**Q** 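Have a look at this one.
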Amino acid sequence: MTETISRAAANQAGARINANAYAEAQDFLPLKGIDHVEFWVGNARQASAYYRALWGFTPVAFSGLETKVRDRASYVMRQNDITFVFSAPLTPDGEIAEHVRAHGDGVHNIAFLVDDVESAWRETTTRGAVSALAPREFDGGEDGTLRRSSVRTYGETLHSFVDRSDYHGAFAPGYRKVKNPARAAQGLSLLEVDHCVGNVELGEMDTFVDFYRDVFGFSQLIHYDDKVIHTDYSALMSKVMTNGNGRIKFPINEPATGRKKSQIQEYLDWYHAPGCQHIALRTEDIVATVRQLRENGVEFLGLPHEYYATLADRVGDVGVPIDTLEELGIEADRDEEGYLLQIFTRPIQDRPTFFFEIIERHGSRGFGVGNFKALFEAIEREQDKRGNL
Ligand code: FE2
């Protein structure tokens, strides 16, 4: 019965799920998954400590002055299939310093693992992508050769293609393995990147939907219009693009006009460009993971008691007592395929820009549309505190 209600609710809300999206995606660009995400930050040493001590990431590789790199320091951090790289500038000018000055800390590169960086670059650039790095081999001596190419996407964000099949070193040539890494926070089980969300300017959502369809061969998984995602004040529109194996899911958001400022517009105003709004990390134990993250000092958005008072009626049994969900601030949503549990952090840097989502999926391939209204009201409360509503 719950499913009937929720399907009716979803239809009424206007969210459209394309069940054949994966099959419709074109295969001229086979992507094996997300290889890593690189953040450009003001202080990479401190960022790496934050992700180690609060989020449970283990330092695996480093490059900087000690590896004869003179313009930047980079720390590679890993947890299961998630690899993050944090890079900071060592000089007052240059691309990282300029990026940090304009945007604050943020996502610079969402890199894909591929078998053929030459083909990936050719297929995308001949379809209209702007090259950021022509296919190149990086010689790692006895560690072998890493191949890489890159193209541009929204704002100043890049997508790199990485082929590691002939490389056996720590991360990439120029990096050295971290021996005896400091102990990472325990009790966390973040498994992989579930999806990466891009915020683009008003009127640009379809430009980037077309870009991922025409240039990357993705297809559209879901469309949420501003009738779905709105409060009394603000609204946004979102379309979700996915690749053929379903491992890459990229929602693209644009602000919609409301009585007050959309949270997407707040992001654009403070990031000073389109960019990555949030990355969702998948876990199979959201309760233990969020409990530990909270103990470690990670801050999450809070939802009011009223959200939980009626939650069981909306989603049925989700395997976790509602009291526990409320205690930890975890949200639940159900669609025709199953359910999901999710939670969102506050922005993780001083600017109200990038944040994380933690997600546990049980059949649902959605993004928690049933939570959007409650969630956006929570975000608006915080926007209001920042004077940005
Ligand atoms: Fe998300």
Side-chain angles (χ1 to χ4, degrees), residues 10 13 15-17 21 34 37 55 82 84 106-107 110 153-154 157 190-200 205 208-209 212 218 220-226 228-230 234-243 246-256 262-264 266-267 271 274-284 286 289-290 293 298-301 303 307 315 329-335 337-348 352-379 382:
R16 295 196 292 283
I17 297 175
I34 291 179
V37 177
W55 288 82
I82 307 164
F84 288 157
V107 171
I110 300 165
T153 180
Y154 44 75
T157 317
L190 300 168
L191 301 176
E192 63 180 358
V193 171
D194 185 273
H195 59 274
C196 303
V197 180
N199 278 352
V200 301
M205 176 178 68
F208 284 93
V209 166
Y212 282 108
F218 288 12
Q220 190 178 323
L221 182 61
I222 309 180
H223 173 204
Y224 303 112
D225 64 29
D226 55 352
V228 185
I229 312 180
H230 74 101
S234 72
L236 67 82
M237 294 192 287
S238 187
K239 290 181 177 176
V240 183
M241 304 304 290
T242 186
N243 77 323
R247 288 189 199 148
I248 316 293
K249 293 185 284 288
F250 285 169
I252 308 291
N253 297 336
E254 73 171 35
S262 167
Q263 56 164 297
I264 308 306
E266 186 196 30
Y267 173 100
Y271 199 70
C276 180
Q277 177 209 38
H278 76 265
I279 291 178
L281 304 175
R282 194 176 69 79
T283 178
E284 289 176 1
I286 195 169
T289 295
V290 170
L293 287 169
V298 175
E299 295 183 305
F300 293 92
L301 285 177
L303 291 181
Y307 171 83
V315 300
I330 296 169
E331 297 141 38
D333 194 30
R334 185 179 286 277
D335 58 31
E337 296 180 315
Y339 69 93
L340 60 81
L341 303 171
Q342 64 184 171
I343 191 168
F344 298 86
T345 70
R346 291 210 166 93
I348 55 152
T353 52
F354 181 82
F355 58 88
F356 281 106
E357 171 183 352
I358 315 292
I359 188 165
E360 178 179 320
R361 294 187 180 277
H362 293 266
S364 170
R365 288 187 294 174
F367 295 84
V369 66
N371 293 322
F372 282 2
K373 189 169 163 60
L375 191 66
F376 290 179
E377 286 167 352
I379 292 173
E382 308 237 335

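In listed order, ligands and their atoms are each counted from 1. This chain uses plain numbering: 1 for the first residue, then up along the sequence. Small disclaimer: the values here were computed from a predicted structure and weren't measured.
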**Q** The criterion is side chain to side chain contact (heavy atoms under 4.5 Å, CB included); which residues satisfy it with D333, sequence neighbours excluded?
**A** L340, V369, N371
**Q** Do any N or O atoms from the side chain of N243 and from the backbone of I248 form a donor-acceptor pair under 3.5 angstrom?
**A** yes
**Q** Residues in salt bridge (Lys or Arg N to Asp or Glu O under 4.0 Å) with E266, at least two apart?
**A** R386
**Q** Would a 4.5 Å heavy-atom cut-off, applied to side chains only, mark F250 and F208 as touching?
**A** no
**Q** Around the Fe ion (ligand 1), how many protein N, O or S atoms are there at under 2.8 Å?
**A** 3
**Q** Of all residues at least two apart in sequence or in a different chain, which pass the side-chain hydrogen bond (donor to acceptor under 3.5 Å, both in side chains) check with E331?
**A** none
**Q** Please name the pair of heavy atoms, one in R361 and one in G366, separated by the smallest distance, quoted to 0.1 Å.
**A** NH1-O, 2.7 Å
